[in-house]
There are 2 protein chains.
Amino acid sequence: MNYSRQRESIKEYLMSTKEHPTADIIYQHVREEYPKISLGTVYRNLTLLVEVGEVRKISTGDGTEHYDADTSAHSHYYCRCCHRVMDLEITPSVDQILAASSAGLGTVESANLLFTGVCKECMESQN
Amino acid sequence: MNYSRQRESIKEYLMSTKEHPTADIIYQHVREEYPKISLGTVYRNLTLLVEVGEVRKISTGDGTEHYDADTSAHSHYYCRCCHRVMDLEITPSVDQILAASSAGLGTVESANLLFTGVCKECMESQN
DNA sequence: TTAAAAATAGTAATAATTACTATTTTTAGT
DNA sequence: ACTAAAAATAGTAATTATTACTATTTTTAA
């Protein structure tokens, strides 16, 4: 994998935010630095970065994928109302991961725990 | 929500399988009983059933959603090679769920733990 | 039995993502 | 620095999953 400024910019933006943005949001931001970048480039690089483990993909089921440059073990909280993804410090316990990998299933490359609910802000604006 | 034979057939098929099928697979199966059912009907009913809590949606990030009529607390193992979703008996611990709901985030309606890796069968066929 | 409400089939539309290709950028060796 | 091969890009077209729309059919409750 060769260096590319566009990929660096994508990484930089992702590392600077805690928003767990979608490909399109990332595109909009990177466009400020590289106005000619194409959405395909964003997608291709996100896929690459996920493959080499520098970025995490978060699937909430809301119709589009979210991305996170924080690859440390942590979980997420998804609000089905405002569609935001927030960090949680808790992580799947080692017990659980071991139970899975020793269950004879195969390799376990990642374990993601996703909580879904309605966040405080959304409840206050009574949706 | 009124009764419909198509919705019953969807539920019936989902309850009969452990395959965690996608909307399209469900469509193909229900079509054997109701050849005129449309894919839109499958989608609409799946969305409804998820809303009332009779069906679980499983987002693996493989480009399409998977569905499961087993709503008991359990986790899943996803093989990124053959794209199958398998059941795991382990569930997110009560501690984790409480930690999340008491973290002042909002309501916690569901907690899903998803393991991803390469399953035994796929490793044997050396992919 | 009947009329209102809900659901359906069939089709069109949308939105996210991937594929393709000619051009540009990066890299490794000179 | 110079250059050729390899990799990456922009721009666009194509694909795929999902949703929206509408005229017709089914379900339900009186």
Side-chain angles (χ1 to χ4, degrees), chain A residues 1-14 19-52 54-68 78 80-85, chain B residues 1-14 19-52 54-68 78 80-85:
Chain A
M1 170 157 66
N2 277 354
Y3 167 90
S4 100
R5 322 172 222 176
Q6 290 87 339
R7 189 185 304 128
E8 281 310 301
S9 181
I10 289 167
K11 273 165 68 175
E12 214 168 89
Y13 169 62
L14 260 182
E19 300 281 314
H20 309 88
T22 62
D24 195 66
I25 300 282
I26 295 165
Y27 172 61
Q28 286 169 41
H29 279 265
V30 175
R31 219 148 49 135
E32 289 169 16
E33 191 178 4
Y34 294 100
K36 305 209 123 192
I37 197 173
S38 78
L39 190 52
T41 298
V42 174
Y43 272 107
R44 185 167 25 74
N45 280 297
L46 285 171
T47 302
L48 272 170
L49 292 168
V50 168
E51 269 169 22
V52 300
E54 291 191 57
V55 165
R56 251 170 102 168
K57 185 161 89 163
I58 304 161
S59 302
T60 65
D62 73 349
T64 180
E65 304 292 336
H66 295 251
Y67 296 88
D68 189 354
Y78 169 70
R80 66 166 169 73
C81 180
C82 62
H83 306 285
R84 283 186 301 164
V85 176
Chain B
M1 172 157 66
N2 277 355
Y3 168 90
S4 99
R5 321 172 224 175
Q6 290 88 337
R7 188 184 307 128
E8 281 310 300
S9 182
I10 290 167
K11 274 166 68 175
E12 214 168 88
Y13 168 62
L14 260 183
E19 300 280 314
H20 309 88
T22 62
D24 196 65
I25 301 282
I26 295 166
Y27 173 60
Q28 286 169 41
H29 279 265
V30 174
R31 222 151 46 135
E32 287 168 19
E33 191 179 3
Y34 293 99
K36 305 210 123 193
I37 197 173
S38 77
L39 189 51
T41 298
V42 173
Y43 273 107
R44 184 168 25 74
N45 280 298
L46 286 171
T47 301
L48 272 170
L49 291 167
V50 168
E51 269 168 20
V52 301
E54 290 190 57
V55 165
R56 251 170 102 168
K57 185 161 87 163
I58 304 162
S59 302
T60 65
D62 73 349
T64 180
E65 304 291 336
H66 295 252
Y67 296 89
D68 188 354
Y78 170 70
R80 66 166 168 75
C81 180
C82 64
H83 305 285
R84 282 186 301 163
V85 176

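Just so it is clear: chains get the letters A, B, ... in the order the sequence lines come, proteins before strands, and each one is counted from 1.
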Please state whether the phosphate of C:dA9, meaning OP1 or OP2, lies under 4.0 angstrom from any side-chain nitrogen or oxygen of B:Thr41. yes
Give the intermediate values and the outcome of salt bridge (Lys or Arg N to Asp or Glu O under 4.0 Å) for residues A:Glu8 and A:Lys11. CA-CA 5 Å; A:Glu8 281 310 301; A:Lys11 273 165 68 175; 3.7 Å; yes
B:Arg44 vs D:dT19: side-chain N/O to OP1/OP2 distance below 4.0 Å: no
OP1 or OP2 of D:dT12 sitting under 4.0 Å from any side-chain N/O of A:Ser38? no
Phosphate-side-chain proximity, A:Lys36 and D:dT9, N/O vs OP1/OP2 below 4.0 Å: no
Closest to the A:Tyr3 side chain: D:dA10, C:dT26, C:dA16? C:dT26
Which nucleotide sits closest to the side chain of B:Tyr43: D:dA10, D:dT19, D:dA8? D:dT19
Can you figure out which of D:dT18, C:dT17, C:dT26 approaches the side chain of A:Arg5 most closely? C:dT26
Could you please name the option among D:dA10, D:dA8, C:dA9 that lies closest to any side-chain atom of A:Met1? D:dA8
Go through C:dT17, C:dT18, D:dA17 for me and flag the one nearest to the A:Thr47 side chain. C:dT18
D:dT9 OP1/OP2 closer than 4.0 Å to side-chain N/O of A:Asn45: yes
Looking at the side chain of A:Gln6, which of C:dT8, C:dA16, D:dA10 is the nearest nucleotide? D:dA10
Could you check which of D:dA10, D:dT19, D:dT27 has an atom nearest any side-chain atom of B:Asn2? D:dT27
I want to confirm an ordering. Mapping A:Val42 and B:Glu65 to their closest nucleotides on DNA chain D, which one lands closer to the 5' end? A:Val42
Of B:Ser4 and B:Leu39, the one whose closest nucleotide on DNA chain C sits nearer the 5' end is B:Ser4
Students should find that the end-to-end axis angle of the helix from C:dT1-D:dA30 to C:dT30-D:dA1, with five pairs defining each axis and rounding to 10 degrees, is 50°
If you only use heavy atoms from C-beta on, which nucleotide in C:dA9, D:dA10, C:dT17 is closest to the side chain of A:Thr64? C:dT17
